2 protein chains.
Amino acid sequence: MSAEAKSPPVAKPRRTQAERSQETRNKVCEATLQALVEVGYEQISTTLIAQKAQVSRGALTHQFPTRNDMLVAAFERQVSEWQNGYPFGLDPEKEQLSVDELIDALWDNIFANGRYVAAIELMLAARQDNELGHALRDILVSWIRKRDRITVRLVGGDVDDAEADLKVQLHLSVLRGIAMHQSFDSDPLTAQKLIDLWKRIARQA
Amino acid sequence: MSAEAKSPPVAKPRRTQAERSQETRNKVCEATLQALVEVGYEQISTTLIAQKAQVSRGALTHQFPTRNDMLVAAFERQVSEWQNGYPFGLDPEKEQLSVDELIDALWDNIFANGRYVAAIELMLAARQDNELGHALRDILVSWIRKRDRITVRLVGGDVDDAEADLKVQLHLSVLRGIAMHQSFDSDPLTAQKLIDLWKRIARQA
DNA sequence: GAAGTTACAGACTGATCTAACTGTTTTTGA
DNA sequence: TCAAAAACAGTTAGATCAGTCTGTAACTTC
């Protein structure tokens with residue numbers, strides 16, 4: 001008699017290939033972003049990332065043939081996270097934010113995290129690397145464009161209003177500058193004080 | 001008999017050792033700063049710098065035993081340049097600047113130049129390198145402290161006035177953010193527009 | 001359940017870089 | 001004038017790293 005005649009259709013694998021791939025890619029990207037924050041671009045090597053991600057170097061190179069592929073994927077993932085969290089579940093066509101709310105939302109969702117500076121570091125490092133630089137720039141500009149358009153709407157401006165756009169750019173520049181300050185300054189309270197001061201000033205303008 | 005008894009005092013050398021040293025160091029530091037702007041930290045190697053500085057690698061390593069020594073010296077030189085140009089020949093105890101003048105002065109003397117971003121890149125890259133990072137930080141904090149104290153006086157604040165100090169920090173953060181923006185943005189006019197907008201807003205506050 | 005495909009593991013290689021080292025030239029000091 | 005010191009030039013050793021390659025395991029398709 002054959003119990004195996006009616007064998008289970010496929011003997012369901014524990015994890016599909018797609019799942020395995022995705023898991024490895026996730027681990028590598030996450031480790032890369034962490035390493036970027038913790039030890040900086042300079043220290044990143046494929047060997048280090050493989051160790052950090054608890055993945056063999058072979059697995060890493062299989063998923064990301066070149067080091068740049070790995071860096072681009074990590075960058076893309078971070079940008080995606082920013083995109084997914086923006087505009088905070090609001091509908092810019094219907095809802096608007098006060099200046100205070102906008103500043104807090106931008107800061108909390110984008111700039112407060114060490115990963116913003118890590119992204120800057122990556123962009124700076126890749127500035128002159130034609131291949132990597134262009135790849136990162138392409139990812140960035142598409143997000144920037146989207147972010148800026150949404151933000152202008154969020155503060156009640158028109159998409160084509162150059163003046164409103166400039167104001168948004170100033171908001172972003174201020175927070176960017178404070179984020180950079182924070183990454184070097186030892187006192188974590190200074191950043192919040194600067195944000196509060198900026199809120200006060202921006203409210204009047 | 002001795003013609004050499006009254007020998008010419010020294011037979012003046014073309015260049016003294018001190019001059020030769022200084023010249024080599026100058027060339028190397030200058031080349032390093034240029035390379036930092038042009039090709040970025042990532043691409044900098046002692047070989048490249050030696051070529052760029054028109055100096056043999058031997059001369060370079062003689063003056064700067066390690067790569068870090070070279071980087072630190074270049075950084076120090078840049079900070080010195082900022083120090084020497086500040087506070088623009090004014091006496092902060094007697095003269096004061098308007099908000100507009102302060103913003104222009106800070107921008108023109110520190111932030112406008114690509115070397116500001118280059119310095120940021122260096123600081124970021126060295127963030128986790130204990131040896132290099134500490135050396136750069138030490139150079140930076142001494143200058144920062146001095147700069148901030150002078151700037152507070154320049155706008156008429158008291159050295160111990162926390163509120164005035166915070167305002168200065170915000171000015172610096174805004175310009176820092178705009179400088180970063182500029183280093184990525186293709187349109188060179190945006191920076192000036194942002195500065196003008198910031199002037200308008202800062203004037204009112 | 002067998003053949004084919006994809007994921008993974010780890011060793012190897014060539015290129016590159018820093019730091020050390022050896023030898024040469026120039027300057028200095030007596 | 002001559003010996004010592006400093007500046008300079010170029011080579012080499014050791015380490016690291018990215019990318020390649022070979023072999024194995026897991027999954028998929030027919």
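A quick note: this is a predicted structure, and the numbers were derived from the prediction, not measured. Note that these values count all heavy atoms, side chains included, but never hydrogens, waters or copies made by symmetry.
- Positionally, the nearest nucleotide of DNA chain D for A/Ser45 lies more toward the 5' end than for the other of A/Ser45 and A/Gly58.
- In this model, no donor atom of one side chain and acceptor atom of the other lie less than 3.5 Å apart for A/Gln63 and A/Asp69.
- Between the side chain of A/Glu121 and the backbone N or O of A/Tyr41 there is at least one donor-acceptor pair closer than 3.5 Å.
- Computed from coordinates, the A/Arg67 CZ to D/dC17 P distance equals 10 Å when rounded to whole Å.
- Closest approach to the B/Thr47 side chain among D/dA7, D/dG19, C/dT18 is made by C/dT18 (side chain taken as heavy atoms from C-beta onward).
- Taking every heavy atom of residues 17-40 of chain A and every atom of DNA chain D, pairs under 4.0 Å involve A/Gln17, A/Arg20, by number.
- Regarding B/Phe64, its CZ atom lies at a distance of 16 Å from the P atom of C/dA20, rounded to whole Å.
- The backbone N or O of A/Ala105 lies less than 3.5 Å from a partner atom in the side chain of A/Asn109, making a donor-acceptor pair.
- In the model, B/Arg77 has no side-chain atom that pairs as donor or acceptor with a side-chain atom of B/Ser80 under 3.5 Å.
- Between the CD atom of B/Gln51 and the P atom of D/dG10 there is a distance of 12 Å, rounded to whole Å.
- At whole-Å resolution of the value, CD in A/Gln63 and C1' in D/dT20 are 17 Å apart.
- Straight-line distance from the CE atom of A/Met70 to the C1' atom of D/dG19: 13 Å, rounded to whole Å.
- Once rounded to the nearest 0.5 Å, the distance linking CD1 of A/Ile120 with CE of B/Met180 reads 4.5 Å.
- When distances run from any side-chain atom of A/Thr16 to the nucleotides C/dA9, D/dT28, D/dC8, the shortest one goes to D/dT28.
- At whole-Å resolution of the value, CG in A/Leu60 and P in D/dT20 are 14 Å apart.
- For the pair A/His62 and C/dC8, the criterion of a side-chain N or O lying under 4.0 Å from OP1 or OP2 is not met.
- If you check every strand for non-hydrogen atoms under 4.0 Å, A/Arg57 touches a base.
- Around atom NZ of B/Lys27, more than 12 heavy atoms belonging to other residues, nucleotides or ligands sit under 6.0 Å away.
- Taking for each of A/Ser56 and B/Thr61 the nucleotide of DNA chain C with the nearest heavy atom, the 5'-most of the two is the partner of A/Ser56.
- Atom CD of B/Glu42 and atom C1' of D/dA18 are 12 Å apart (whole Å).
- No hydrogens or angles considered: nothing links the side chains of B/Ser183 and B/Tyr116 as a donor-acceptor pair under 3.5 Å.
- The separation between B/Leu48 atom CG and C/dC17 atom P is 9 Å, rounded to whole Å.
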